[in-house]
Amino acid sequence: MERHVILTLGRSGSNTLVNLLNQHPDLLNVGEVLGPWNRVRQVRDKLGLYPDDTAGYLDALTRRSRLVLSMSAVRTAGRLARLRPGEVKPLGRIRTLGFKEFATLMAADGQRGWLRDRPDVKVVGLVRDDILGRLVSWQLLDRTGVVANRDGAEADKPVLEIAPDRIGALLDTVAAENRLLTEMLEELPARQVRILRYDDFYADEARRQAMIADVFSFLGLRPWRTEIRMKKIVTVPPAQMIANRAACAQALQGTRFEGLLDA
């Protein structure tokens, strides 16, 4: 069984990517694993596995371990309970097993070098360069609690109020996260990584299908047609979502983010 990891940051479209990749019958990605709010982490804690060994925990998630067997059983029960037997994936048929995680959480848990020390783990890096887009999506998540768009509802009106005296610091935080992700990906040999850029991924269906096909090939999988099941929540330029945009733009005058809200 091969191993893979999706390395990304919050509000970068990774839920959609995981959903698309998991449509392949020979791939299983268990999603986020380090945050205590995630089901995988909760199963680990309930079983008392790897209490002081995060590296071992991550290794276990990419192998046929007791933890993965438990997660597979939970996943199967959930699919059967929802009358979706076609989505059940016996571990015996899985060719590549992996998880998705944020670069920030990997680094915070002392695992920045985990991927670098495991050259056999293939890495799909999902990068959203637009720091304003990430910030707006992050603030929208905090305001609404909506993580992913599955019903087609879109946000296209200014609904956010961002404190002008905080917007510079918030943008600094997002920019620092982006730098961390870039650095972690650049630390890996090119043969170990496939990088997807958010703007290209969401450009159009044809480009997205081509990118997914390339990822499947990179992971050693046969071609498989996927179907988009989630949509972007924000469908207008991010700056247009900020109700007090003028005040925020004024607060950014003379900083490295000057003019960002005018784009």
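Numbering starts at 1 and runs along the sequence shown.
Within the cation-pi definition used here (under 6.0 Å to the ring centroid, within 45° of the axis), Arg44 does not qualify as a partner of Tyr50.
We find that Glu183 and Arg112 are joined by a salt bridge, their nearest charged nitrogen and carboxylate oxygen being less than 4.0 Å apart. A salt bridge links Glu177 with Arg134; the closest basic N to acidic carboxylate O contact falls under 4.0 Å. With respect to Asp199 and Arg128, no salt bridge is recorded, no charged nitrogen being found less than 4.0 Å from a carboxylate O.
A continuous path of hydrophobic side-chain contacts links Ile6 to Ile228 [ILVMFWY only; heavy atoms under 4.5 Å].
Evaluation of the side chain to side chain contact (heavy atoms under 4.5 Å, CB included) rule for Arg207 yields Asp200, Ala203, Asp204, Met211 as partners, not counting sequence neighbours. Residues forming a side chain to side chain contact (heavy atoms under 4.5 Å, CB included) with Arg222 (at least two apart in sequence, or on another chain): His24, Pro25, Asp26, Arg93, Trp224. Shown here are the side chain to side chain contact (heavy atoms under 4.5 Å, CB included) partners of Ala210, two or more places apart in sequence or in another chain: there are none. By the side chain to side chain contact (heavy atoms under 4.5 Å, CB included) test, Glu227 is found to be paired with Gln23, Arg229, residues two or more places apart in sequence or in another chain being considered.
The side chain to side chain contact (heavy atoms under 4.5 Å, CB included) test with Leu9 singles out one residue from Val127, Leu181, Leu105, and that residue is Leu181.
Taking the side chain as every heavy atom from C-beta outward, Met184 and Val193 never approach each other to under 4.5 Å.
With hydrogens and angles ignored, the 3.5 Å screen pairs a side-chain donor or acceptor of Gln192 with a backbone N or O of Val121. Looking only at distances, no side-chain donor or acceptor of Glu101 sits under 3.5 Å from a matching main-chain atom of Val5. Here the side chain of Arg194 pairs no donor or acceptor atom with the backbone of Val124 at under 3.5 angstrom. Judged by distance alone, with hydrogens and angles left aside, the side-chain atoms of Thr76 form a donor-acceptor pair with the main-chain N or O of Ser72 at under 3.5 Å.
Residue pairs meeting the ring pair (Phe, Tyr, Trp, His ring centres under 6.0 Å) criterion with at least one partner in residues 239-262, sequence neighbours excluded, are absent. Within the structure, ring pair (Phe, Tyr, Trp, His ring centres under 6.0 Å) pairs that include any residue of residues 71-106 comprise Phe99-Trp114 (at least two apart or interchain).
A distance of 10.5 Å separates CZ of Arg245 from CD1 of Ile167, quoted to the nearest 0.5 Å.
Side-chain polar atoms of Thr62 and Arg3 form a donor-acceptor pair below 3.5 angstrom.
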